[in-house]
Undergrad: 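One structure follows; several queries about it will come next.
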Amino acid sequence: MNTVLSRANSLFAFSLSVMAALTFGCFITTAFKDRSVPVDIQVSKVMIKNVDDFTGPRERSDLGFVTFDISANLQPIFDWNVKELFLYLTAEYSTKSNALNQVVLWDKIVLRGENTKLNMKDVKSKYFFFDDGNGLRNESVKGDGVCESEPKGDGICFRAASG
Amino acid sequence: MLSAFKSIPTDMDYKGQKLAEQIFQGIILVSAVIGFIYGLFIQQFGWTVYIMLAGFTVSCFLTLPPWPMYRKNPLKWQPAVPEASGENRDKPQESQKKKKHK
């Protein structure tokens with residue numbers, strides 16, 4: 001501690017350790033919170049076609065077109081440990097060949113500071129709803145809205161919203 | 001220009017170093033606690049970091065330059081020994097060093 005450099009070194013190292021402890025404290029205060037939010041999803045139009053599946057082996061598969069409305073208020077999820085939210089909508093159904101299929105239809109990134117009230121009508125699905133095979137006819141499909149939050153501390157938490 | 005910087009004395013005595021360390025540790029801990037509580041209250045971690053950086057800057061200003069308050073207990077050096085007895089002590093030490101190197 002005799003020279004300026006030595007003092008600056010110990011000062012900086014101490015500040016860094018204290019910052020690490022503060023970040024850990026930030027994580028501890030928010031990591032175990034329940035982050036589920038009620039979401040309202042309504043499907044307005046469904047259409048199924050049987051076309052050539054261009055994403056994989058060349059067979060005819062069922063292609064679904066879904067148009068839906070989604071509305072949610074995401075404000076309670078944004079605490080000080082959340083930097084952005086990644087929302088996605090999956091369709092779950094079961095066929096003869098697979099017990100559980102999950103297909104992501106649509107996703108959206110909500111950054112901190114942007115509008116947190118989600119109110120979208122007649123949203124077309126972003127990604128193709130292909131079934132491996134012809135299992136989409138006459139199947140009831142359950143839509144599941146999941147939001148994945150990107151935190152500032154450690155840990156990525158999954159919280160599903162019912163829909 | 002660099003020689004002007006190097007000629008500024010930057011040392012402190014030991015009690016001054018201890019005081020400087022206590023000061024900066026205290027300031028940083030206090031600003032960390034204040035920042036944590038304020039950030040928890042408004043739910044924005046950015047403010048916690050800003051308050052910590054403010055505390056860091058204040059403690060930099062208070063402890064890096066050698067203020068006079070850190071030099072209040074200078075070391076008491078022994079008075080210099082006159083040179084005649086210094087030469088007598090050097091010669092037996094040199095002969096002992098030659099024996100060790102063999």
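Computed over heavy atoms, backbone and side chain alike; hydrogens, waters and symmetry mates excluded. Just so it is clear: chains get the letters A, B, ... in the order the sequence lines come, proteins before strands, and each one is counted from 1.
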Undergrad: With a 4.5 Å cut-off on side-chain heavy atoms, are B:Leu29 and A:Phe14 touching?
TA: yes

Undergrad: Roughly how far apart are B:Gln43 CD and A:Thr29 OG1, rounded to 0.5 Å?
TA: 7.0 Å

Undergrad: Is there a chain of hydrophobic side chains (I, L, V, M, F, W, Y, each step under 4.5 Å between heavy atoms) that links B:Phe61 to B:Tyr70?
TA: yes

Undergrad: Applying a strict under-4.5 Å side-chain criterion to I, L, V, M, F, W and Y, I'd like to know whether A:Phe24 and B:Trp47 cluster together.
TA: no

Undergrad: Kindly give the heavy-atom pair with the smallest separation between A:Cys26 and B:Phe36, and that separation in Å.
TA: N-CE1, 3.7 Å

Undergrad: Quick one: closest heavy-atom pair of B:Leu64 and A:Arg7, and the distance?
TA: O-NH2, 2.6 Å

Undergrad: With respect to chain A, which residue among B:Gly35, B:Pro66, B:Ala32 yields the maximal number of heavy-atom pairs within a distance under 4.5 Å?
TA: B:Ala32

Undergrad: When clusters are formed by joining ILVMFWY residues with side-chain heavy atoms under 4.5 Å apart, either directly or through shared neighbours, do B:Ile23 and B:Val30 land in the same one?
TA: no

Undergrad: At what distance, to the nearest 0.5 angstrom, does CZ of B:Phe45 lie from OG1 of A:Thr23?
TA: 4.0 Å

Undergrad: Do B:Val58 and B:Trp67 sit in one hydrophobic cluster, given that two such residues count as connected whenever their side-chain heavy atoms are within less than 4.5 Å of each other, even indirectly?
TA: yes

Undergrad: Applying side chain to side chain contact (heavy atoms under 4.5 Å, CB included) to B:Cys60 and A:Leu11, what does each step give before you reach the verdict?
TA: CA-CA 8 Å; B:Cys60 264; A:Leu11 178 62; 3.6 Å; yes

Undergrad: Side-chain heavy atoms under 4.5 angstrom apart, residues restricted to Ile, Leu, Val, Met, Phe, Trp, Tyr: same cluster for B:Tyr38 and B:Met52?
TA: no

Undergrad: Need one label for B:Leu40: side chain, backbone, both or neither, based on atoms under 4.5 Å from any heavy atom in chain A.
TA: both

Undergrad: Looking only at heavy atoms, which two atoms of B:Val49 and A:Met19 are closest? And how far apart?
TA: CG2-CE, 3.8 Å

Undergrad: Can you say whether A:Ser10 sits under 4.5 Å from chain B via the side chain, the backbone, both, or neither, judging by heavy atoms?
TA: both

